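These notes concern the structure reproduced below.
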Amino acid sequence: MNVSATTVVPYFDLKAEYASLRDEVLAALDRVCRNASFILGEEVEAFEKQFAALCETKHCVALNSGTSALHLGLLALGVQHGDEVITTTNTFLATAEAISYCGARPVFVDIDPATANLDPKLIERAITRATKAIVPVHLYGRVADMDPILEIASRHHLGVLEDACQAHGARYRGRRAGSLGHAAAFSFYPTKNLGAYGEGGALTTNDDRIAQFARAARTHGQTGRYEHEFVGYNYRMEGFQGAVLQVKLKHFAEASARREELARAYRRLLAGAHLNLPYDDPRDECAYHLFVVYVERRDEVRSQLADRGIETAVHYPRPIHLQPAYADCGVPQGTLPHSERACNRVISLPFYPGLHAEQVEYIANTLREIVGVN
Ligand SMILES: Cc1ncc(COP(=O)(O)O)c(C=O)c1O
């Protein structure tokens with residue numbers, strides 16, 4: 001492949017992925033239609049078993065989004081009106097929204113700038129009598145430092161819900177993301193490492209009681225046909241998504257290995273450039289959902305990359321405590337400096353299994369030229 005300044009390197013390429021899976025996907029969708037199992041059903045059940053095996057958990061409850069998984073996970077931990085839940089501000093809004101859905105208040109703690117994840121050293125001072133749970137987010141596929149988080153939670157009798165929406169298949173000290181807390185939320189949004197062809201999510205847990213609650217809560221609190229134990233939700237996964245996700249799972253190990261290979265190539269090619277890369281603990285396995293770099297004059301760098309045909313994105317341009325939606329959270333600008341600085345400097349580079357080695361080289365060399373080298 002010949003990559004030049006006139007070639008556009010897309011930030012993401014779902015169409016190419018479909019081209020490679022078309023026959024398998026269409027056969028799976030046809031199976032759903034022939035069986036008319038459009039909501040939950042055998043395809044979703046089969047996917048639940050396979051995804052629980054991947055996460056090394058006893059249960060997987062398939063849902064219609066990662067946001068629903070966060071919501072049900074918090075409810076299962078007993079989070080309710082007036083409670084506080086500790087989380088990070090450097091995440092997608094849904095992490096905080098799910099806390100708000102329970103009538104609870106998100107309490108934002110700053111990140112460790114090396115990993116962009118919740119800094120465990122800052123958690124304890126944020127705990128009050130109202131604190132009920134902690135939601136660590138495994139941002140960009142890099143698992144948060146769970147051992148100290150679990151230790152603090154256990155000492156204070158708090159629930160831990162992993163926001164693993166970006167961390168399918170990641171490992172922390174040998175254990176899978178999704179198996180570390182009391183429960184974990186996954187998203188199968190189409191651009192995720194394991195992406196559906198529409199909305200999708202799941203709650204994983206080793207706790208029978210949490211799984212039982214989530215299974216009833218996703219379908220109007222039903223424990224038997226038209227037996228409604230409590231007021232629940234319509235958070236069911238569609239049969240089409242269960243079928244597509246099974247196809248995607250067959251290729252997941254290969255796609256994950258490719259992500260790792262691409263991340264290694266980026267790291268090698270960007271060594272010595274005037275930028276910062278997130279820290280990967282050698283004991284862990286990052287799922288590499290995104291490949292991010294931190295640079296000064298971020299918007300200028302992005303626009304120069306765009307001029308040379310390289311599409312980029314920003315995850316996320318504004319921490320949650322500075323979003324209008326959370327203007328009343330009482331955390332003024334400057335209070336969470338590492339998160340604010342990360343949001344001002346972060347760039348997501350093109351990153352997906354179909355990316356070619358030549359494209360990575362072109363992107364890395366162009367970025368080196370723009371930011372300079374030591
Ligand atoms: C960290 C994080 N949390 C929560 C979500 C919400 O997932 P969904 O879009 O499936 O509701 C996402 C996905 O966008 C995410 O990246």
Side-chain angles (χ1 to χ4, degrees), residues 11-12 14 44 47 51 60-75 85-102 106 108-109 111 115-118 133-144 146 160-170 177-178 180-181 183-204 214 217-218 233-238 240-242 244-245 248 278 286-292 313-321 323 325-326 339 342-343 346 348 351-352:
Y11 168 68
F12 204 80
L14 275 178
V44 172
F47 169 69
F51 193 64
C60 163
V61 181
L63 303 167
N64 63 348
S65 74
T67 309
S68 306
L70 286 167
H71 184 198
L72 294 191
L74 290 166
L75 291 175
V85 177
I86 292 172
T87 192
T88 162
T89 183
N90 188 24
T91 177
F92 182 57
L93 198 82
T95 313
E97 277 180 313
I99 298 167
S100 303
Y101 294 169
C102 301
F108 300 114
V109 162
I111 56 166
T115 60
N117 282 330
L118 206 51
I134 306 175
V135 181
V137 178
H138 308 325
L139 200 68
Y140 312 137
R142 191 166 285 105
V143 181
M146 291 299 288
V160 176
L161 174 67
E162 297 168 67
D163 183 336
C165 286
Q166 301 187 1
H168 317 71
L180 299 156
F186 285 91
S187 166
F188 306 121
Y189 188 80
T191 55
K192 296 291 195 249
N193 290 21
L194 186 64
Y197 279 6
E199 303 277 2
L203 191 75
T204 56
R218 74 177 165 180
Y233 303 86
N234 179 353
Y235 283 175
R236 298 173 298 227
M237 178 178 276
E238 293 182 346
F240 283 140
Q241 307 313 334
V244 168
L245 285 166
K248 294 287 196 86
C286 179
Y288 274 106
H289 172 50
L290 301 176
F291 191 90
V292 305
V314 174
H315 299 88
Y316 295 91
R318 236 199 257 203
I320 296 184
H321 67 284
Q323 289 284 356
Y326 280 92
S339 303
C343 291
V346 75
S348 303
F351 198 73
Y352 40 93

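Atoms within a ligand are numbered from 1 in the order they appear, just like the ligands themselves. This one's a predicted model, so the numbers in the text were calculated from it and none came from an experiment.
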### Task
Mind checking side chain to side chain contact (heavy atoms under 4.5 Å, CB included) for E97 and listing every partner two or more places apart, or none if nothing turns up?
L93, A94, Y101, Y326
### Query
Looking only at heavy atoms, what is the nearest atom pair of C60 and F51, with distance?
SG-CD2, 3.9 Å
### Query
Between H168 and F188, what is the ring plane arrangement, given parallel below 30°, perpendicular above 60°, and tilted in between?
tilted
Tabulation required: pairs of a nitrogen or oxygen in ligand 1 and a protein nitrogen or oxygen under 3.5 Å; columns are atom names and distance to 0.1 Å; otherwise 'none'.
residue  : atom   : partner : partner atom : Å
ligand 1 : 3 (N)  : D163    : OD1          : 3.3
ligand 1 : 3 (N)  : D163    : OD2          : 2.8
ligand 1 : 7 (O)  : S187    : OG           : 3.4
ligand 1 : 10 (O) : G66     : N            : 2.8
ligand 1 : 10 (O) : S187    : OG           : 2.6
ligand 1 : 11 (O) : G66     : N            : 3.4
ligand 1 : 11 (O) : T67     : N            : 2.9
ligand 1 : 11 (O) : T67     : OG1          : 2.5
ligand 1 : 14 (O) : K192    : NZ           : 3.0
ligand 1 : 16 (O) : Q166    : NE2          : 2.9
ligand 1 : 16 (O) : K192    : NZ           : 3.2

### Task
Go through the steps to decide whether C286 and Y140 satisfy the test side chain to side chain contact (heavy atoms under 4.5 Å, CB included), and finish with yes or no.
CA-CA 8 Å; C286 179; Y140 312 137; 5.8 Å; no
### Evaluation steps, side chain to side chain contact (heavy atoms under 4.5 Å, CB included), between Y197 and Q241
CA-CA 6 Å; Y197 279 6; Q241 307 313 334; 4.0 Å; yes
### Summary
Taking every heavy atom of V137 against every heavy atom of N117, the minimum-distance pair comes out as O-OD1, 2.8 Å
